[in-house]
2 protein chains.
Amino acid sequence: MKLITRNTDYALRALCYISKHKTVVTVDELVEKLGVPHSFMRKILQQLNKKEILSSFKGQGGGFKLKIPPARIYVIGIMRIFQGQIELSSCFLKKDVCPNKGKCALRKKLRLIEKNMFMRLKRITIASLV
Amino acid sequence: MKLITRNTDYALRALCYISKHKTVVTVDELVEKLGVPHSFMRKILQQLNKKEILSSFKGQGGGFKLKIPPARIYVIGIMRIFQGQIELSSCFLKKDVCPNKGKCALRKKLRLIEKNMFMRLKRITIASLV
DNA sequence: ATAAATGATACCACAATAGTATCATTTGTC
DNA sequence: GACAAATGATACTATTGTGGTATCATTTAT
Ligand code: FES
Ligand code: FES
């Protein structure tokens, strides 16, 4: 089981690379430098653009650049874009609301671990990686 | 994204239930108490038996009981049985061994978080849940 | 002998992951 | 204006993982 998927991983690498360049970066350039499939890289950058982490520029001379400073791009945020809400502690007993909730020892302990993990993940930014 | 899957979850519940009973417990009993599908529960218990966490007894009057004390059954171990090796920090760059390994800032930070998480998960045992 | 239990194994449906492919649109350059 | 170079939008596909079901074989208490 992987906690970080390929698209998250590639997104992080791309963001690191882009953050080191003042000028716009094209998909072609990223594909060449990172060795990631072209279409896949493109889709990932488009998603980051929609989430307002990147700005895009169409046409000749176009490409992508960061829309927000690298110190404000958190790994946990990128994970959530590509992997959805991450949770240790959802209850599978009974469909809707668990009657045992609040009393459940497992959930309590897992929630603590989860909180700690999120806190640590929040401290990793693109700025801290380059 | 879920960090704990259904089979892990059901396995933990089943182990908790079994640990509270001195006599053997049948699949039917667990199914009734936990509201889990019969075949699914059976498969899960068979896997726990293979991993030597449960002992099984065939024939009439048979069922399952713990093979090792509840204080030595760790949540992380059960997760690994049903979800495989859990890793934050596998590298997706280049198929085999990453040339950048050792220098990669992301992996270093993730490995730290991972270690901390494992340490905490290791402290949760079936005994600590019941 | 039979019924009650697990063992082994194979199968299936659905969702998530990891992509690919194509047409549309924008824009700088000749 | 034509064209090429870039992204936008969207739809499709392939593989793997998750969440099961089903069936036949084997063991064992009664
Ligand atoms: S049993 Fe539902 S939250 Fe633990
Ligand atoms: S780039 Fe390979 S381990 Fe970070």
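Worth saying up front: this structure is predicted, and the values here are computed from it rather than measured.
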Pick base, sugar-phosphate or nothing for Ser56(A), based on heavy-atom distances below 4.0 Å to the nucleic acid.
-> sugar-phosphate

At the 4.0 Å heavy-atom cut-off to chain A, mark where contacts on DNA chain D begin and end, going 5' to 3'.
-> dA5(D) to dA9(D)

In short, side-chain hydrogen bond (donor to acceptor under 3.5 Å, both in side chains) pairs touching residues 75-86 of chain B with sequence neighbours left out are Thr5(B)-Gln83(B), Thr8(B)-Gln83(B)

With Lys109(B), which residues qualify under salt bridge (Lys or Arg N to Asp or Glu O under 4.0 Å), at least two apart?
-> none

Could you identify which residues of residues 72-81 of chain B place a heavy atom less than 4.0 Å from some atom of DNA chain C, listed by residue number, or say none?
-> none

For Tyr74(A), check ring-ring contact (aromatic ring centres under 6.0 Å, His included) against everything at least two apart and list the hits.
-> none

Report the residues that fulfil side chain to side chain donor-acceptor pair (under 3.5 Å) with Arg72(A), sequence neighbours left out, ordered by chain and then residue number.
-> none

What nucleic acid atoms does Lys50(A) come within less than 4.0 Å of, heavy atoms only: base, sugar-phosphate, or nothing?
-> sugar-phosphate

Salt bridge (Lys or Arg N to Asp or Glu O under 4.0 Å) partners of Arg123(A), counting only residues at least two apart = none

For DNA chain C, determine which residues of residues 22-30 of chain A have any heavy atom closer than 4.0 angstrom to one of its atoms, and list them numerically.
-> none

Please collect all ring pair (Phe, Tyr, Trp, His ring centres under 6.0 Å) contacts where either partner lies in residues 28-64 of chain A, sequence neighbours excluded, each pair once.
-> Tyr10(A)-Phe40(A)

Nearest whole angstrom, please: distance from the P of dT20(C) to the CE of Met41(A).
-> 13 Å

Could I get the full list of side chain to side chain donor-acceptor pair (under 3.5 Å) partners for Lys20(B), not counting sequence neighbours?
-> none

For Lys67(A), enumerate each residue passing the side chain to side chain donor-acceptor pair (under 3.5 Å) test, keeping only those at least two apart in sequence or located in another chain.
-> Glu52(A)

Give every pair of a protein N or O atom and an N or O atom of nucleotides 11-17 of chain C that lie under 3.5 Å apart, one pair per line with the distance.
none

